[in-house]
Each structure stands twice: as structure tokens, then as C-alpha cells.
Amino acid sequence: MKTSSNKIGLTAVKTNAGESQQSPLDFNLIKRLFGFTRKYRRRRNLLIVLTIIRAFQLPLMAWALGRAISGPIAHNESDKLFVAVVSYLGLAISTDFVFHFRQRYALELGESVVSDLRNQLYKHLQRMPMAFFNQTKLGRIISRMTSDIESVRVGVQDVFFVSLVQLGQMMVASALMIYYDWVLFSIIVAMAPALWYLNREFRRKLSIGTRNVQESFSRVTSTIAESVSGIRVTQGFVRQAMNAGIFRNLIADHSRDNMAVSRTSALLSPLLELNSQFFISMLLVFGGYRVLHPGVGTDMGDLVQFFFLTNAFFTPIQSLGVQFNAALTSMAGAERVFRLLDRSPEWEDEPDAKELPPVVGRIEFRNLGFEYVPGRPVLKGINFVAEPGQTIALVGHTGSGKSSIINLISKFYLPTEGKLLIDGREIREITSDSLHQQMGIVLQQNFLFGGTIMENIRFGRLDATDKEVMDAVRDLDCFDLISLLPQGFSTVVGEGGSGISLGQRQLVCFARAMLANPRILILDEATSSIDTVTEACLQKALTTLLKGRTSFVVAHRLSTIRNADQVLVLDHGRIIEHGTHDELIEVQGVYENLYRQFSQSREN
């Protein structure tokens with residue numbers, strides 16, 4: 001998909017790609033959602049019992065009130081009135097008692113389900129390979145974890161149980177109305193098709209509208225995440241006004257979708273109420289006729305009783321309309337959450353994959369090919385062997401395939417063809433975790449977590465003591481540079497490492513790798529963000545860090561790879577030159593040209 005240059009990114013494009021349209025209320029989806037309550041079946045079952053009790057209590061209160069009016073009050077029986085009032089108050093108190101626990105247990109059940117769903121979704125995200133995160137916008141992931149799951153909460157704790165109370169109330173009221181006057185009740189039944197038609201028409205419109213609201217909100221959150229991440233670029237190129245305009249359009253889309261749903265809902269509720277009033281008017285006509293003609297057999301007291309029950313019957317209709325809107329929103333959120341949960345990783349460890357024993361460090365590429373997108377190879381016919389303890393330098397222009405080789409060694413991706421062997425074991429046959437536990441990676445754009453310098457270094461080995469962390473920094477000969485920070489190792493950095501310089505950030509990442517003591521080390525342009533003085537400080541430390549480890553170094557600064565055991569020069573996914581620094585200088589090929597350009601830039 002192409003976007004014009006005035007877009008922040010693909011998040012600014014309005015699309016429903018991948019958002020399948022399901023039926024408004026998918027009962028398979030509902031069944032799956034309530035499968036999450038199985039773990040809390042005792043509380044759930046008690047909640048259902050309380051819900052059924054409340055469904056009986058509400059129409060019985062209307063019956064008791066009507067009974068008091070049509071009985072003791074209408075017949076001037078003051079002695080019976082006291083009993084009727086006490087009975088009504090007792091029923092009211094018991095109703096509120098049940099309501100308290102029904103609401104409390106519903107909220108607790110909703111929170112429990114949402115917590116489990118968030119944990120399961122987060123665990124699922126941790127299993128996804130790098131390709132997923134490269135293809136999926138951060139804002140969309142955040143939207144699934146926040147607004148979509150929150151809409152699911154409403155479906156679990158409110159929609160189901162509130163609707164059950166309202167439907168139960170209507171059923172009990174119906175039974176009592178039939179008992180008092182089945183002829184008048186038949187009038188209500190005759191008018192039911194009008195309610196069914198209204199529900200069908202508005203259900204379709206609201207279903208489409210709520211999905212549009214969810215999708216437009218996802219685009220908003222995606223753009224916010226993208227804009228915050230790229231704020232340096234935005235301000236650096238003075239694009240604040242343009243991006244604000246794009247965001248304003250997205251907000252307008254979201255507002256328009258919300259307004260469409262609001263207008264539809266605002267029309268449905270009055271229509272339902274109008275129908276209720278119309279039904280009551282018809283009942284007044286027919287009920288009054290039956291009372292005024294004694295031969296028909298309707299008593300005034302029964303008519304009063306019937307009208308109180310009629311109110312108990314019609315009151316839930318409007319509430320059910322509100323719950324239906326909430327159910328549609330909940331279904332839209334559940335569809336999106338489960339679609340992500342059901343998305344299988346592009347690849348996973350083989351079922352029979354084995355733990356990798358302590359690594360010696362021999363890595364071999366055999367006629368390896370790789371494609372990020374089918375039909376577009378980025379690596380072709382890669383063959384080389386890294387012996388234990390060797391340092392392999394990867395050199396080439398941007399897009400030549402250096403980072404792809406690193407991604408394959410790290411098992412972030414799997415080869416499309418050929419083999420990648422680690423100590424003679426094909427990489428597909430070993431578990432990812434056992435490989436990563438023996439690897440250390442320092443990237444160009446390193447990420448630090450919010451916390452102290454000490455905590456970020458310890459991320460390389462969580463059981464390390466403070467002394468071991470400090471010793472790792474001393475081995476890098478950078479202890480003084482960390483000590484100069486405002487609170488030394490206790491200095492707090494923000495998300496991504498904000499609050500310290502790029503060079504200091506890289507030092508922390510080097511120390512993290514040193515602490516992990518890996519057998520395989522990857523430095524992916526790890527010194528590109530470090531100034532010349534800091535780089536000189538690290539050269540000795542890097543020599544110590546690389547010693548005895550199989551290391552892969554990707555660098556634009558050729559000074560960092562002069563002492564490499566092998567230099568691989570890549571171009572368009574192929575190895576075009578292979579040898580040591582001195583050997584390749586003598587060949588006077590691509591590498592020699594790159595080195596000469598580097599030397600000239602240093603002189604200038």
C-alpha cells in the first residue's frame with residue numbers, strides 16, 4: 001500500500017484490512033469468552049443464582065405494590081395495610097441485599113477475566129517472532145491490550161448478567177400478567193413483531209457502527225504511539241503542524257464514527273420508549289373497556305395490578321437496548337483480541353527441538369538463503385565457517401544483508417533455504433531460549449528499561465550481585481564514566497534510556513553483555529553512537545570482551561574490525577569478498593575502496 005508523503009505513516013491510512021465482519025452476536029465467541037470464567041466457576045455460579053433471584057424480586061416488588069393499592073388501600077383495610085407495607089419493605093431490603101452482592105461478584109468476575117486475558121495476550125506476544133513486530137503497529141498492540149480488553153470487561157461483568165436480570169424480570173412479569181388477564185397480555189404479544197423489526201434493523205446498523213468506532217480508535221492510538229516515538233524527527237523537520245493536521249483528521253473520523261453510533265442509539269431508545277407508551281395506551285383502552293363492562297370479567301384491582309406488572313415488563317426494554325449496544329462493542333473488542341490470540345507465530349521451535357549444551361562456538365552457513373518477503377531474497381548462497389573464538393566482521397553498504405545474517409544467528413528468523421549450524425547442530429533443532437541464554441547482543445539502537453543503571457546492567461544476568469555488576473564495568477575500563485553520573489549506578493533513566501547520553505547508553509549495554517558472559521557475541525554497529533574518546537576507551541575493553549568468544553561485528557567504522565579473523569564483504573545478499581583485513585587490502589577490491597574512503601574521511 002502506498003501513502004502520500006504528507007502522511008505520518010501507514011497508521012494514518014483508513015483501512016479495515018484484516019478486520020473480518022462477523023455476525024453482531026457470535027455465540028461461539030461468547031462461549032469462548034465465558035470459557036475464561038471456568039476458573040472462577042464457584043463465584044460465577046453464585047452470581048448466576050443471585051441474578052435469577054433478582055430477576056424474580058423486581059417484578060414481585062411491582063406486584064406487591066400493586067397488591068397493596070388494589071387491596072388494603074382500595075378497600076380501606078388499614079389493618080392489612082401495615083402488613084402490606086412491612087412485607088413490601090422486607091422485599092425491598094432483600095432486593096437491595098441481593099443487588100449488592102450481584103454487582104460486587106460481577107465486578108470481581110470481570111476483573112479476574114480481564115486480568116487473565118491480558119496475561120494470556122501478553123504471554124502470546126512474547127512468543128511472536130520479530131517479523132510480527134516489524135509488521136504490526138505498536139499502537140494496534142496497545143489498543144488490543146487496553147481499549148479492546150476493557151470493552152470485553154463490560155461484556156463479562158455487565159451485559160450478560162444485567163441482560164439476564166432484565167429478561168428474567170420480563171418473563172416473571174409475563175407469567176403474572178397472564179395469571180391476572182391473559183387477554184390483555186395477548187395484546188402485548190400481538191405487538192411483539194414491531195419490537196422484533198426495530199431490533200433487527202438497528203442491530204445491523206449498530207454492529208457496523210461499533211466496529212468502525214473500534215477500528216478508528218485503533219488508528220488514533222497507533223498514530224499517537226508512532227508520533228511520540230518519532231518526535232525528534234517531527235520537531236527536527238518542523239512537521240508539527242502537518243502531523244497535527246493528520247491527527248486532527250483521524251480524530252474527526254473517530255468522532256464521526258462515534259456520532260453515527262450515538263445518533264442511531266439516540267433514535268433507538270426513544271422508539272422503544274414510544275412503543276412502550278403506545279402499548280400502555282392500547283392497554284388502557286382495552287383494559288378500561290373490560291372494567292366498564294362487568295360482564296367481561298376484569299376487576300378494577302386486577303387492572304391496577306396488571307398495569308404495575310406492565311411497567312415491570314416494559315422498563316427492561318430500554319435497558320436491554322443499552323446493553324445490546326454494549327454487547328456489540330464488547331463483541332467487536334473480543335473479535336480483535338481473539339484474532340490476535342489466534343494468530344499463530346510465523347514459526348516456532350520444533351516440537352522435538354533440544355536444549356543447546358554449553359556452546360563451543362563453531363557456526364557454519366551452508367548455501368544459506370533467506371527472504372523476509374516471499375520472492376524477494378535478501379541473502380543468497382551464503383557459505384562460511386566461524387571457528388570457536390574467531391571474530392567475524394561483516395562489511396557492506398546498507399541493505400547488503402549484514403543485519404539479516406545477525407538476525408539468523410540470533411534465531412530471530414529462520415533460513416528460507418540451506419542450513420545454519422551451531423556446534424554442528426542445525427538451528428531449527430535447538431530451542432531458542434537455550435541459544436539466547438548463551439548469546440550477548442549489543443545493537444546500534446539499544447534499549448534501556450525505565451529504572452536505574454544498576455538494574456539495566458543486571459538485566460544481562462538477573463542473579464548477579466552489585467559487586468559483579470561493578471566488576472563487569474571495571475573490566476570495560478568504564479567505571480569512572482558511570483561513577484560521574486549524578487547518582488552513579490543508582491542514576492534513574494527513563495524509557496529507552498532517556499536522561500543519559502547516547503554514549504553512556506551504549507556503555508550500559510556493553511556492560512550488560514559483559515555481565516552475561518556469552519559464548520556468542522554480536523555487535524551490530526554497536527559503536528556508531530559513541531564519540532571518538534569513548535570509543536578509544538572501549539577498544540581495550542572490547543578486546544577483552546571478544547577474546548575466547550565467537551563474535552560477529554557489524555560496523556561502519558572499519559577501525560573496529562582491523563583485527564578480525566575474517567572479514568565478509570557483502571553486496572546485495574551475497575559474499576563478494578572474504579579474508580582478513582590485510583588480505584583484502586592487498587586484493588584492492590570493494591573492501592579496500594571502503595577502507596580508503598574511511599581513511600580519507602578521518603583525515604578530513
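Hydrogens, waters and symmetry mates play no part in the numbers below; they use all other heavy atoms, side chains included.
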Just jot down the side-chain contact (heavy atoms from CB on, under 4.5 Å) partners of Glu417, sequence neighbours excluded, or say none.
->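 With neighbours one apart ignored, the set is empty.
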So how far is it from [X] [atom1] to [Y] [atom2], rounded to the nearest 0.5 Å?
X	Y	atom1	atom2	result
Leu515	Asp471	CG	CG	9.5 Å
Met439	Thr550	CE	OG1	10.5 Å
Ser400	Leu394	OG	CG	8.5 Å
Tyr40	Leu109	OH	CG	8.5 Å
Arg336	Asp148	CZ	CG	4.5 Å
Ser410	Leu435	OG	CG	7.5 Å

Side-chain contact test, heavy atoms from C-beta onward, threshold under 4.5 Å: evaluate it for [X] versus [Y] and give yes or no.
X	Y	answer
Phe552	Leu523	no
Met470	Lys467	no
His578	Gln566	yes
Phe489	Ile457	yes
Thr580	Asp565	no
Leu420	Ile363	yes
Ile520	Val359	yes
Leu421	Arg366	yes

Is there a donor-acceptor contact under 3.5 Å from the side chain of [X] to the main chain of [Y]?
X	Y	result
Lys419	Glu426	no
Gln437	Ser432	no
Gln390	Gly361	no
Arg474	Val469	no
Arg512	Asn456	yes
Arg549	Pro518	yes
Glu577	Val590	yes
Ser551	Thr391	no
Asp423	Val360	yes
Lys411	Ile427	yes

[X] and [Y]: side-chain donor and acceptor closer than 3.5 Å?
X	Y	answer
Tyr413	Ser404	no
Arg461	Asn517	no
Ser115	Glu111	yes

Validation: residues 381-388 side-chain donor-acceptor distances under 3.5 Å, sequence neighbours left out:
unit_1	atom_1	unit_2	atom_2	d
Asn383	OD1	Asn367	N	2.5
Asn383	ND2	Gly381	O	3.3

Does the ring of Phe132 carry Arg343 above it, NZ/CZ under 6.0 angstrom from centre and within 45° of its axis?
-> no
Asp342/Arg32 under salt bridge (Lys or Arg N to Asp or Glu O under 4.0 Å): CA gap, chis, key distance, verdict | CA-CA 12 Å; Asp342 293 339; Arg32 181 177 178 183; 2.7 Å; yes
Minimum heavy-atom distance between Leu521 and Ala513, given as atom pair plus value =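 Closest approach of Leu521 to Ala513, heavy atoms only: CD1-CB, 4.3 Å.
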Taking all non-hydrogen atoms of both residues into account, name the closest pair between Phe459 and Leu462 and its distance.
->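 In this case the closest contact between Phe459 and Leu462 is CA-CD2, 4.0 Å.
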When you look at OH of Tyr122, are more than 12 heavy atoms from neighbouring residues, nucleotides or ligands closer to it than 6.0 Å?
-> no
Has Phe412 got more than 12 heavy atoms of other residues, nucleotides or ligands less than 6.0 Å from its CZ?
->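 Atom CZ in Phe412 is packed in, count exceeds 12.
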Step-by-step side chain to side chain donor-acceptor pair (under 3.5 Å) determination, Asp349 to Thr431 | CA-CA 6 Å; Asp349 287 341; Thr431 62; 5.1 Å; no
Residue that, paired with Arg458, satisfies side-chain hydrogen bond (donor to acceptor under 3.5 Å, both in side chains) out of Thr452, Asp466, Asp463, Thr465 | Asp466
